[in-house]
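A short worksheet on the structure shown next.
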Amino acid sequence: AQSVTQLGSHVSVSEGALVLLRCNYSSSVPPYLFWYVQYPNQGLQLLLKYTSAATLVKGINGFEAEFKKSETSFHLTKPSAHMSDAAEYFCAVSDGYGNKLVFGAGTILRVKS
Amino acid sequence: DAEITQSPRHKITETGRQVTLACHQTWNHNNMFWYRQDLGHGLRLIHYSYGVQDTNKGEVSDGYSVSRSNTEDLPLTLESAASSQTSVYFCASSEYVDTQYFGPGTRLTVL
């Protein structure tokens with residue numbers, strides 16, 4: 001079975017500071033990994049995905065994530081936080097077959113001015 | 001532009017009533033999914049379908065059912081609504097192993 005653990009249900013950063021949202025996964029097969037963002041009262045939007053190509057994945061809005069197999073991690077980073085980045089972020093894992101996603105519990109990012 | 005829509009966006013119902021939530025996608029995707037979102041749990045898979053006439057149970061399927069009579073629609077039915085089913089429900093679609101596209105969600109309250 002697959003699972004995802006997101007460390008920190010709430011993360012607070014200052015505008016312009018580094019954003020680091022942590023995600024660790026468990027999978028018995030090579031995983032596909034995703035980061036989604038959810039703004040208030042909206043659906044989920046894909047930020048980026050890892051599907052066994054390059055280990056450093058670049059996404060929208062300046063976000064990127066690095067797949068580290070030895071650490072079973074897929075942490076999300078952004079060099080400089082913007083007020084518009086305030087949202088809830090979800091890490092998800094799939095075995096690639098059938099594309100069923102298993103989500104983490106989510107991390108709410110707060111950006112302080 | 002292709003999209004995925006859900007209706008209603010908000011629903012209040014009473015315990016024991018049957019409720020159906022609609023999901024319609026114009027992406028022409030084979031795969032469709034229903035999730036529920038609850039605080040502290042992220043999104044959990046209820047049911048999914050890989051094509052017409054195909055349906056499968058997910059992690060939290062008890063009390064829910066789906067049917068797939070065409071490519072575009074996957075309605076979710078709560079047979080007898082319970083207070084524990086108060087949640088936000090999201091529908092999603094994808095093609096094979098590609099990105100899942102999510103609808104805007106339905107907020108369901110069961111009194």
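A, B, ... follow the sequence lines: proteins, then strands. Residue 1 opens every chain.
- Only the side chain of A:Glu88 comes within contact range of chain B, judged by heavy atoms closer than 4.5 Å.
- Residue contact with chain A, scored on non-hydrogen atoms closer than 4.5 Å, involves the side chain of B:Leu45 exclusively.
- Within the 4.5 angstrom heavy-atom criterion, only side-chain atoms of B:Gln37, from C-beta onward, approach chain A.
- Ring planes of B:Tyr48 and B:Tyr50: tilted class, angle from 30 to 60°.
- Of all the listed residues (A:Leu101, A:Val102, A:Val4), the one sharing the greatest number of non-hydrogen pairs under 4.5 Å with chain B is A:Leu101.
- Contacts between A:Leu46 and chain B at a heavy-atom distance below 4.5 Å involve the side chain alone, from C-beta outward.
- Ring geometry for B:Phe102 against B:Tyr35 counts as tilted: the plane angle lies between 30° and 60°, on a 0 to 90° scale.
- Between atom NZ of residue B:Lys11 and atom CZ of residue B:Arg107 there is a gap of 16.0 Å, rounded to the nearest 0.5 Å.
- Considering B:Leu76, B:Leu21, B:Thr20, B:Ile46 in turn, B:Leu76 is the only one that fulfils the side-chain contact (heavy atoms from CB on, under 4.5 Å) rule with B:Val66.
- With a 4.5 angstrom heavy-atom cutoff, B:Arg9 touches chain A only via side-chain atoms.
- With a 4.5 angstrom heavy-atom cutoff, A:Gln38 touches chain B only via side-chain atoms.
- Nearest heavy atoms, B:Glu14 versus B:Val110: C-CG1, 4.1 Å.
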What verdict does the salt bridge (Lys or Arg N to Asp or Glu O under 4.0 Å) test give for B:Asp38 and B:Arg44, after you've listed the backbone C-alpha separation in whole Å, the side-chain angles of each residue and the deciding distance to 0.1 Å? CA-CA 8 Å; B:Asp38 303 289; B:Arg44 291 179 291 176; 2.9 Å; yes
